[in-house]
Chemist: 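I'd like to ask some things about the structure below.
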Amino acid sequence: MTRASHRGNSQPRWLFPFVITVIFFLSVLPLGRLAVTGIASAMQGGARQMLGDPGVWQAAYNTLFTSFFGMIAAVLLGGGFALLLTLFDIRGKTALGFLFMLPTMIPPQVTALSWIGMTGPSSTLLKAIGLAPPLGSPQPLYSIGGIALLYGVQNAPLVYLSLRAGLLALPRDGVEAARLAGASSWQVLRDVILPLSLPGLAAGAAIAFVSCVGNFGIPAILGIPASIYTLPTLIYSKFASFGPGTFGDVSLLSALIAILSIAGLAVEERVLRGRDYRVIGLSGQVAVFRLGSWRRMAELGLWLTIFVILFMPLTALVASSLAPAYGVPLSTSTATLHAYREILFRQAVTRTAFTNSIGLSLGTAFGLLVVTVLTGYFLVRGKSRFTRVISALAEIPYALPGIVLAVAFILLFAAPIPIIGVSIYGTIWIILIAYFSSFFAVSLKPVVSAFRQVDPSLEEAARLAGAGFGRRLRDILVPLVAPAAGASVILVFLIACNELTISALLWSAGTQTLGVAIYNLDDSGSFNLASALSVLVVVMVVAMMIVLELMAKRLPKGVVPWRS
Amino acid sequence: MAKLILNRLSKSFEMGGRPAVNDVSLTVREGGFLALLGPSGCGKTTVLRMIAGFEQPTDGSILLGERVLADAGEMVPPEHRNMAMVFQSYALWPHMSVTENVGYPLKVRGVSREKRQRKVAEALAAVRLESYANRRPADLSGGQRQRVALARCLVTEPDVVLLDEPLANLDRHLRQEMEETFREFHARSGATMIYVTHDQAEAMALATDVAVMSEGRLLQVATPEEIYARPEGRLVGGLVGQGAVLSLASPHDDKRLLDWPAMQAMLAKSRSGPAADVLVRPQDVEVVPNGIPATVLSVLFEGERYALRLALPDGQTLRAFSRQPAKAGDVLEVAIHSAWRL
């Protein structure tokens, strides 16, 4: 019989130090390092020098301008979809909702490529149908407006989800009471539903804004050729022309992005304060308004939108990938699978990228799962005062734009690691660690919601049965959270595999990822190869989303991000 | 096996807050069946969870025979206590079959497969669930789940079996059946059992000893008969059995069991002096000629009899049973044959 000073709680003594260590290395240390460098650089006059640089002002202005109009576009698109699909008797809601969610899961650089393929004088699609503008006319998307438009398309689903969650959480009896008070459908919508759903819309707009501020893929592909820089692409170009002041400059720029993001997140936090998504009991039960003769019009409008923002760009992407060379007209006789053969079998660079991305994503997804199962258990079962702080610290790296995190890890690992004296800068390991940090929150969320659903007495019964922590974990807890853990693995894999922002800064020869490969192929003019690689990525994304969609019934609420 | 001793046990969840359990001392004899009775929030579940090892006492200690299980400094984790528990939610593992659920404590203890199968079969036979061995908990009814949970307790021959309101989620018919099963289980296993409930009828029917708790304190421990006939204090009197508590002028002697003449004397006196609380059970109130007048407040037909609520001339209420129907507003004359001074 062993006796231990064991505060009656179920956790082994090593769990708390373990969680603290994980949070320290994945969140506190990199962000702390970034802050220290930023502050040191500001103290040495770096701030004044940076503020005197018109390029920085221009980039900040571009970032704010594109993000603001991107947010407006996202609110119009996402808000319209959320209202129509949630409140009205539209047919085919599930299909429309799923398709509308796709753009946010497709990596931004692929979105940008597909839209380029759809517009401009060299568009294979437009040439094939004889609608291409004359040669020499400018590509309209290589502009501030183009960037803002694609921001809107990419982030509209974020507004959609946030507003939809708000609409579904509306009290049904409030709507019914208004009806009984004699209000018409239109008056109920105007006087009850819209005012009550405003926080959801505002929160969605704030998330969309933050996401635009940190976006790298779209301005990298659309902005850099036209010399339009946003803050993230400016950081990228500073690294490309590396100089003695680079570290100080980029840490200040990152701080600027971080401040913009935190301001946006603070808005979201404020409008959503006190709202708990877990208690939504009547999902899909909101009063459905009849559109009557307008229904056909509305459905046509929705499908037309899906056609323009999803099907047309993707068709253009496929068309570009089948064209023998950029700008050559596509017909049944010229179509070729050459590009696919090239990227799958011939080009060492793309093969390496596949291996790297899949390896990194699998490593991140499964490696993080081990960490998040233990951390999730600690957060849900723990009686520690620190649980709130720890969950906040776990969220921060994911909430911040990837470019900020990438800079933090560069600063952290630029010099060899103290004591062991090994440098991981330029190796695949720095990308892996940055992924761990960035996707920690993605992996943690499904696991935490699953643990919340497990009745504590199930574990207590196992304790009385004589099972120690490891045994309980293996026999009781892990089987019970397995579906959510599976979802967590797929989600992390999906996001990590498509990621560009972090690896764009951290890659070097031999460690390029799929995102980097697509960007580099496009940058070097191999538009058809870039398109072919993008098509494969889109196929992979859709396949994994379908798997998650099929799993959704067995998962706790809120695990699959596009279902509310 | 040995007796379980709670020695001045206290538990506060917040520093300086009101203690959930306050200075509880109690000895459960070996093989005893103790019911912990009290209204919800009285601390009875916290006592049970401290015995199980899910909570650590902030003061006092828990001993099993000579062995200290827990005190404010150290504790034996639940894994090593050789106790078993039936939870209010049953706590069956949904991903395991009935056999796997029941056999899990043996598997953890490293018992060989053949021995495990034999023991599980025995336990399932004891709760009459042999034919459900391969089902999942989700395919069982509430009563069957409860019996699986019980079989899981039976299988390891634990020193102490803890039951946390095990009948709270069952309907009335199943409750009676399960009470029978618990009695059988107690007789068969000979384990010390501690049964938490807020239902006094359940406690009386099952336990060899009843401990009444309120607001974290232990009010009285006694056999069911004793606690029914001679409750200590107003709280226990109000909690155990039916009855009404009257506040009457204090008699001169300190006799506690009062007969009708004594009651008549007390009722006749003015209540200006020191008061005494007197418990009157409804079966001791009889409608007689020449009794004291009482106005009927309400009548409830219970099938075999009528339950009356009466008001005495000074406004205090009394409960009584009657074979004859009565109407609200009637004035009856009643005698109180027996009463207990709290």
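Every heavy atom of this structure was used, including side-chain atoms; hydrogens, water molecules and symmetry mates were not. Within every chain, numbering begins at 1; the chains are lettered A, B, ... in the order of the sequence lines, protein sequences first and strands thereafter.
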Chemist: For the CD atom of A/Glu459 and the CZ atom of B/Phe54, what is their distance to the nearest 0.5 Å?
Modeler: 9.0 Å
Chemist: Counting heavy-atom pairs closer than 4.5 Å to chain A, which one of B/His95, B/Arg109, B/Arg152, B/Met85 comes out on top?
Modeler: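 If we count pairs closer than 4.5 Å to chain A, B/His95 comes out on top.
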Chemist: Please say whether more than 12 non-hydrogen atoms of neighbouring residues, nucleotides or ligands are located less than 6.0 Å from CZ in B/Arg175.
Modeler: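 Above 12, so yes.
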Chemist: What distance separates A/Asp455 CG from B/Tyr90 OH, expressed to the nearest 0.5 Å?
Modeler: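 So the CG of A/Asp455 and the OH of B/Tyr90 are separated by 12.0 Å.
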Chemist: For B/Glu215, is the CD atom crowded, meaning more than 12 foreign heavy atoms sit under 6.0 Å from it?
Modeler: no
Chemist: May I ask you to test the B/Pro94-A/Leu458 pair for a side-chain heavy-atom distance under 4.5 Å?
Modeler: yes
Chemist: Can you tell me which portion of B/Leu106 sits under 4.5 Å from chain A's heavy atoms? Options are side chain, backbone, both or neither.
Modeler: neither
Chemist: Within a reach of under 6.0 Å around CZ of A/Phe366, are more than 12 heavy atoms found that belong to other residues, nucleotides or ligands?
Modeler: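 Atom CZ in A/Phe366 is not crowded, with 12 or fewer foreign heavy atoms closer than 6.0 Å.
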Chemist: Heavy-atom distances under 4.5 Å only: say whether A/Ala482 touches chain B with side chain, backbone, both or neither.
Modeler: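 A/Ala482 has no heavy atom closer than 4.5 Å to chain B.
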Chemist: For the CG atom of B/Leu162 and the CD atom of A/Glu460, what is their distance to the nearest 0.5 Å?
Modeler: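 Between atom CG of B/Leu162 and atom CD of A/Glu460 there are 11.5 Å.
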Chemist: What residue, out of A/Ala462, A/Pro456, A/Gly468, has the most heavy-atom pairs lying under 4.5 Å from chain B?
Modeler: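 Maximum pair count with chain B is reached by A/Ala462.
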Chemist: Answer yes when A/Arg471 and B/Glu79 have at least one side-chain N-carboxylate O distance shorter than 4.0 Å, and no when they do not.
Modeler: no
Chemist: Quick check on A/Tyr398: does its OH atom have over 12 non-hydrogen neighbours (other residues, nucleotides or ligands) under 6.0 Å away?
Modeler: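 Not more than 12 within 6.0 Å, no.
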Chemist: Check step by step if side-chain contact (heavy atoms from CB on, under 4.5 Å) holds for A/Asp475 and B/Trp93.
Modeler: CA-CA 10 Å; A/Asp475 293 345; B/Trp93 300 300; over 6 Å; no
Chemist: What part of B/Met50 is in contact with chain A, defined as an atom under 4.5 angstrom from a non-hydrogen atom: side chain, backbone, both or neither?
Modeler: neither
Chemist: Rounded to the nearest 0.5 Å, what's the gap from CZ on B/Arg81 to CZ on A/Arg463? Could you check?
Modeler: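 Answer rounded to 0.5 Å: 9.0 Å.
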Chemist: Please indicate whether B/Phe13 has more than 12 foreign heavy atoms, meaning atoms of other residues, nucleotides or ligands, lying under 6.0 Å from its CZ.
Modeler: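 Enclosed: over 12 neighbouring heavy atoms sit under 6.0 Å from CZ of B/Phe13.
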